[in-house]
Amino acid sequence: MLKYATKQRKMLLSLLCQNADKPLSATDISAALAPEGISKSAVYRNLSALEKEGKVQRLTVGGSNKVYYRYTGAKECEKHLHLSCSVCGQTFHMDVPATNSLVNEVMNESDFKVDSANTVLYGVCKQCRK
Ligand SMILES: [Zn+2]
Ligand SMILES: [Zn+2]
């Protein structure tokens, strides 16, 4: 049983990882994993476990009850901050030099180490402002 749960978790993580920029709701995730025989309740259970472990982040879209999930475990994501569009839910990975100066500034000024992979700035993307 434990082995089975690990497999579900792996599949869930790899799905999130492959779609790191796309907003995925729990419904999208369970629809994608249904052919693999993973139930909706298993998806929810795994998502909340991964969220507690800090491997997955929950993003909300402004003005709606929509909740999206984002994978935060990618190595390169430790090096930059993230932008989340509160209209379409898309995640943007900030380019490294810009992130570094901000993160370093915070470190110098406040002696505070920013957890970049888990740091999201909310706003509205270019497309959604048109
Ligand atoms: Zn990233
Ligand atoms: Zn947008």
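Hydrogens, waters and symmetry mates play no part in the numbers below; they use all other heavy atoms, side chains included.
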Engineer: Sequence neighbours left out, what passes side-chain contact (heavy atoms from CB on, under 4.5 Å) with S116? Give chain and number order.
Structural biologist: L81, V103, V114
Engineer: Does some side-chain heavy atom of E36 sit less than 4.5 Å from a side-chain heavy atom of K7?
Structural biologist: no
Engineer: Listed by chain and number, what are the side-chain hydrogen bond (donor to acceptor under 3.5 Å, both in side chains) partners of S110, not counting sequence neighbours?
Structural biologist: none
Engineer: Taking C-beta and beyond as the side chain, do I38 and M11 meet within less than 4.5 Å on heavy atoms?
Structural biologist: yes
Engineer: As an exercise, state the distance from NZ of K55 to SG of C17, rounded to the nearest 0.5 Å.
Structural biologist: 13.0 Å
Engineer: Taking V67 as the starting point, is it possible to reach L13 by hopping between hydrophobic residues whose side chains are less than 4.5 Å apart?
Structural biologist: yes
Engineer: In plain terms, say whether E51 and R70 are close enough for a salt bridge, that is, a side-chain N and a carboxylate O under 4.0 Å apart.
Structural biologist: no
Engineer: Would you please say whether a donor-acceptor pair under 3.5 Å links the side chains of N104 and S101?
Structural biologist: no
Engineer: Can you list everything that forms a salt bridge (charged side-chain N to carboxylate O under 4.0 Å, His left out) with E105? Sequence neighbours excluded, please.
Structural biologist: none
Engineer: Nearest heavy-atom pair of V124 and R129: which atoms, and what distance?
Structural biologist: O-NH1, 2.9 Å
Engineer: Please report the shortest heavy-atom distance between L47 and A26, naming the atom on each side.
Structural biologist: CD1-CB, 4.0 Å
Engineer: So how far is it from L12 CG to L24 CG, rounded to the nearest 0.5 Å?
Structural biologist: 9.5 Å
Engineer: May I ask you to test the H93-D21 pair for a side-chain heavy-atom distance under 4.5 Å?
Structural biologist: yes
Engineer: Would you give the length of the straight line joining atom OG of S30 to atom CG of N46, rounded to the nearest 0.5 angstrom?
Structural biologist: 12.0 Å
Engineer: After noting the C-alpha distance and the side-chain angles of L121 and H82, does the key distance pass the side-chain contact (heavy atoms from CB on, under 4.5 Å) rule?
Structural biologist: CA-CA 6 Å; L121 304 175; H82 298 86; over 6 Å; no
Engineer: Does S84 reach the main-chain N or O of Y122 with its side chain, forming a donor-acceptor pair under 3.5 Å?
Structural biologist: no
Engineer: How about E53: does its CD atom have over 12 heavy atoms from other parts shown lying under 6.0 Å from it?
Structural biologist: yes
Engineer: With sequence neighbours left out, what residues match K75 under salt bridge (charged side-chain N to carboxylate O under 4.0 Å, His left out)?
Structural biologist: E78
Engineer: Rounded to the nearest 0.5 Å, what separation is found between the CG atom of L102 and the CE atom of M94?
Structural biologist: 6.5 Å
Engineer: Donor-acceptor pairs under 3.5 Å, side chain of residues 85-92 to any protein atom, not counting sequence neighbours: which ones?
Structural biologist:
from	atom 1	to	atom 2	distance (Å)
S86	OG	G123	O	2.9

Engineer: Which heavy atom in D115 sits nearest to a heavy atom in T119, and how many Å separate them?
Structural biologist: O-OG1, 2.6 Å
Engineer: How far apart are the closest heavy atoms of H80 and E76, and which atoms are they?
Structural biologist: CE1-O, 3.4 Å
Engineer: Can V43 be reached from L59 by stepping across I, L, V, M, F, W or Y side chains whose heavy atoms are under 4.5 Å apart?
Structural biologist: no
Engineer: Treat each ILVMFWY residue as a node, draw an edge where side-chain heavy atoms are under 4.5 Å apart, and state whether L16 and V120 are in one component.
Structural biologist: no
Engineer: Nearest 0.5 Å, what's the CZ-OG distance between R58 and S48?
Structural biologist: 8.5 Å
Engineer: Taking only residues at least two apart or on different chains, which pairs with a member in residues 37-74 satisfy ring-ring contact (aromatic ring centres under 6.0 Å, His included)?
Structural biologist: none
